[in-house]
Amino acid sequence: MRVLFLILLFLNSIYCYTQSRNYDAFYKNIENNIFYHEHAKVLNEINFVLTNKPKNYSTEQIDNLKVLKVEVLVDANLLDEGLALSNEILSQNHLNDYHLTNLFIERALIFEITEDFSSAFENLTLAKKNIDKNEDLKKKYYATWLIRVSSWYRVQKKRNKSYQYALKAKQYADKNNDISKSSEAGTLLAFYYINKKNYDKAIQLFNKAIAVGKQLNNKISVTYLYLNLSSIYKKTDQEALAYKYIDSAFYHIKNTNYLEIKSASYLEKSEVFEAQNALDSALHFYKKAIEFEKAHNFNMKTIKMNEQNLDFELQKEKIHTEEIVTENKTLQQNLLLILIIAVVLFAFLIQENRRKKQIDKQKLIIEKDALELEKIVKDKTFLIHEINHRVKNNLAVILSLIEIQGQENTKSTDELIKQLHDRVNTIAIGHQLFSYDLDTTEKSFVNVKQYANTIFQTKQSATTKKCNYIVEASDIQLKVDIALPFGLVLNELITNSIKHAKPSKNKDLELQLNLIAKDKTIEVIYKDNGDFFPDNANPEAMGIYIIKGMLNQISGTYNRKQSTFFITIPYAKTS
């Protein structure tokens with residue numbers, strides 16, 4: 001019997017350890033997403049847990065996740081929601097000192113932002129009491145606490161005090177190799193030096209913070225730091241450097257989903273163009289800034305609405321639970337009466353049970369139909385999303401081609417329009433050939449042999465020069481995002497051959513394309529039968545510029561020997 005008990009105890013220990021590891025991994029992932037300001041994602045994941053309450057999560061673990069939720073609500077500037085949740089957590093008091101300290105620090109930030117400085121200081125004091133009790137807590141939170149105190153003094157314009165605490169925070173973070181907190185403290189010191197007009201020292205600290213931000217891939221932090229550097233250079237009348245750092249901020253953030261900082265970057269860019277009297281460009285960037293600001297506000301409203309819905313559902317669940325408890329008490333008190341009634345109504349319940357089974361059967365049928373309809377809607381939504389994505393990408397390429405084409409001033413308008421037409425037509429051909437497949441993860445492919453033949457046919461029919469072509473390729477499928485740039489490269493190569501190749505002895509022009517599929521690459525050989533190739537071919541010609549740009553876009557490479565091009569394209573898929 002004792003052996004059996006020990007075995008059960010051992011198995012239970014293994015189960016508990018496994019569940020703990022699962023929770024630790026989830027918690028670590030949430031912390032990581034908070035660092036990168038993934039507000040909506042974090043809230044969705046935590047809210048899912050709060051709604052479903054996994055049995056393997058303890059009450060303390062659930063409250064620990066709520067503390068992280070307070071942190072992300074504050075980071076998203078949803079201060080009312082963050083304060084309400086923190087009050088709820090404190091009222092239940094399931095936290096250990098580690099998470100309680102974090103909660104006090106977050107509450108201090110809420111009160112600091114809302115300018116309730118006495119409440120902010122009160123929470124900082126409570127956090128400090130915990131930090132002083134535990135050396136591990138001190139290593140984790142002391143630098144953060146010093147930064148918060150420095151910020152608390154700074155917003156009250158007590159700059160010397162703010163400087164002292166920021167300096168302590170940096171020294172402590174450096175001592176413990178905490179580069180993130182050292183960077184935060186350095187930023188606070190930089191603001192102090194800006195106020196003292198010691199701009200060189202502030203610039204030095206901002207640049208160090210930028211290096212750390214890039215190392216940690218914290219795009220929001222880096223972008224704000226670039227904008228602060230730009231502001232310093234504006235104050236010191238160094239307009240060129242100010243514009244340079246505005247551009248750095250803009251290009252650093254423009255391809256991300258951080259809508260709030262994107263709006264700020266586009267607005268700064270608009271102001272640059274306005275100062276340069278480039279009003280059309282200024283208006284363009286201003287409109288984009290407004291669009292991102294509206295999108296950010298919409299996202300915040302959506303998050304706020306989701307939080308309100310969650311509160312409603314949790315409250316409803318609480319009421320429901322209380323009702324169940326009350327009902328159970330009533331049932332216990334009237335058990336004898338229920339048994340008597342049950343005997344009398346036994347026959348009736350049998351009939352009701354039959355009717356319930358029929359209803360459940362109909363319900364299952366309805367649910368099955370609803371799931372099928374939901375799948376159809378999701379599939380249609382996916383197709384629309386994919387089509388919009390492809391159209392957006394193609395329009396971006398077309399706009400780039402127009403911009404590049406506009407820089408050529410050595411050709412006639414008709415010739416420029418003809419070249420642009422050929423390039424856009426190449427994109428259109430590829431777009432007509434690719435197909436969507438909802439049963440794969442890759443979604444869309446182009447048969448590269450068919451695509452190449454169509455491009456050759458189009459170019460052949462559009463020229464008065466006699467030319468023939470040969471395409472040798474197996475049945476190779478390329479993702480559309482790779483196929484379209486490849487098509488543009490092929491278009492430029494054919495155009496170059498038709499324009500410059502000079503076959504010997506009055507022979508017709510012959511063009512040849514070989515495509516060989518290897519492990520994870522496509523090897524492409526393109527050549528013509530011209531026996532004249534200028535030694536001084538301009539490496540910056542528009543065709544070569546486009547070839548390089550398109551190959552860079554798909555991580556392809558090329559080299560050229562006379563009129564033969566050797567091209568390597570990665571990520572091919574063969575059917």
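Numbers here are sequence positions counted from 1.
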(Q) Evaluate K128 against D132 for salt bridge (Lys or Arg N to Asp or Glu O under 4.0 Å), listing each step before the verdict. (A) CA-CA 6 Å; K128 186 62 164 55; D132 290 340; 2.8 Å; yes
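- Under the side chain to side chain contact (heavy atoms under 4.5 Å, CB included) criterion, A143 pairs with Y172, A173, K181, sequence neighbours left out.
- For T114, there are no side chain to side chain donor-acceptor pair (under 3.5 Å) partners two or more places apart in sequence or in a different chain.
- Annotation for A169 and I147: closest pair CB-CG1, 3.8 Å, computed over non-hydrogen atoms.
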From CA spacing to verdict: side chain to side chain contact (heavy atoms under 4.5 Å, CB included), E122, T125: CA-CA 5 Å; E122 178 184 344; T125 302; 5.7 Å; no
Take E88 and Q92 through the test side chain to side chain contact (heavy atoms under 4.5 Å, CB included) and record every step on the way to the result. CA-CA 7 Å; E88 175 194 325; Q92 296 172 352; 3.8 Å; yes
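- Annotation: side chain of D481 is not in contact with side chain of I554 (no heavy-atom distance under 4.5 Å).
- G82 and I110 make their closest contact through C-CD1, 3.9 Å (heavy atoms, listed as atom of the first residue, atom of the second, distance).
- Judged as a side chain to side chain contact (heavy atoms under 4.5 Å, CB included), and not counting sequence neighbours, the contacts of L124 are A108, W145, R148, V149, W152.
- Taking 4.5 Å as the limit, every side-chain heavy atom of Y141 sits out of range of all side-chain heavy atoms of F104.
- In terms of the side chain to side chain donor-acceptor pair (under 3.5 Å) criterion, K140 has no residue partners (sequence neighbours excluded).
- The two atoms that bring N176 and K139 nearest to each other are OD1-CG, 4.3 Å, heavy atoms only.
- The main-chain N or O of D97 is found under 3.5 Å from a side-chain atom of T101 such that the two form a donor-acceptor pair.
- Judged by distance alone, with hydrogens and angles left aside, the side-chain atoms of S182 form no donor-acceptor pair with the main-chain N or O of D178 at under 3.5 Å.
- With rounding to the nearest 0.5 angstrom, the CG atom of N102 is 7.0 Å from the CG atom of L68.
- Nearest heavy-atom pair, V446 versus A483, reported as atom, atom and distance to 0.1 Å: CB-CB, 3.7 Å.
- Distance check: L83 CG to I113 CD1 gives 11.5 Å after rounding to the nearest 0.5 Å.
- A donor-acceptor contact closer than 3.5 angstrom links the side chains of H99 and N96.
- Within the 4.5 Å cutoff, no side-chain heavy atoms of N218 are placed close to those of Y224.
- To the nearest 0.5 Å, atom CG of residue D63 and atom CG of residue L103 are 9.5 Å apart.
- In terms of heavy atoms, I89 sits closest to K66 at CD1-CB, 3.5 Å.
- Of all heavy-atom pairs between L188 and S150, the closest is CD1-OG, 3.6 Å.
- At distances below 3.5 Å, not a single donor-acceptor pair connects side-chain atoms of N29 with backbone N or O atoms of A25.
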**Message:** Go through it in stages, so that I can follow the logic: the residues are D475 and N447, the test is side chain to side chain contact (heavy atoms under 4.5 Å, CB included), and I'd like the CA-CA distance, side-chain angles, deciding distance and then a yes or no.
**Reply:** CA-CA 7 Å; D475 190 14; N447 185 299; 2.6 Å; yes
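- Residue Y286 places its OH atom among 12 or fewer non-hydrogen atoms of other residues, nucleotides or ligands, all under 6.0 Å distant.
- S86 and E106 share no side-chain donor-acceptor pair at under 3.5 Å.
- Put simply, CG on L126 and CG on L100 are 8.0 Å apart, with the number rounded to the nearest 0.5 Å.
- Residues satisfying the side chain to side chain donor-acceptor pair (under 3.5 Å) criterion with S119, sequence neighbours excluded, are D116.
- Residues I359 and R355 form a side-chain contact, since some pair of their non-hydrogen atoms from C-beta on lies under 4.5 Å apart.
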- Query: Can you list the steps and then say if K449 with L515 is a side chain to side chain contact (heavy atoms under 4.5 Å, CB included)?
  - Reply: CA-CA 8 Å; K449 183 176 181 180; L515 297 101; 6.0 Å; no
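- Contact of the V74 side chain with the L79 side chain is registered, since non-hydrogen atoms from C-beta on lie closer than 4.5 Å.
- Applying the side chain to side chain donor-acceptor pair (under 3.5 Å) rule to K214 yields the partners Y226; only residues at least two apart in sequence or on another chain are considered.
- Taken to the nearest 0.5 Å, the CD1 atom of I30 stands 7.0 Å off from the CG atom of L65.
- Within 6.0 Å of CZ in F121 there are 12 or fewer heavy atoms belonging to other residues, nucleotides or ligands.
- Annotation: the span from L85 atom CG to I46 atom CD1 amounts to 9.0 Å, rounded to 0.5 Å.
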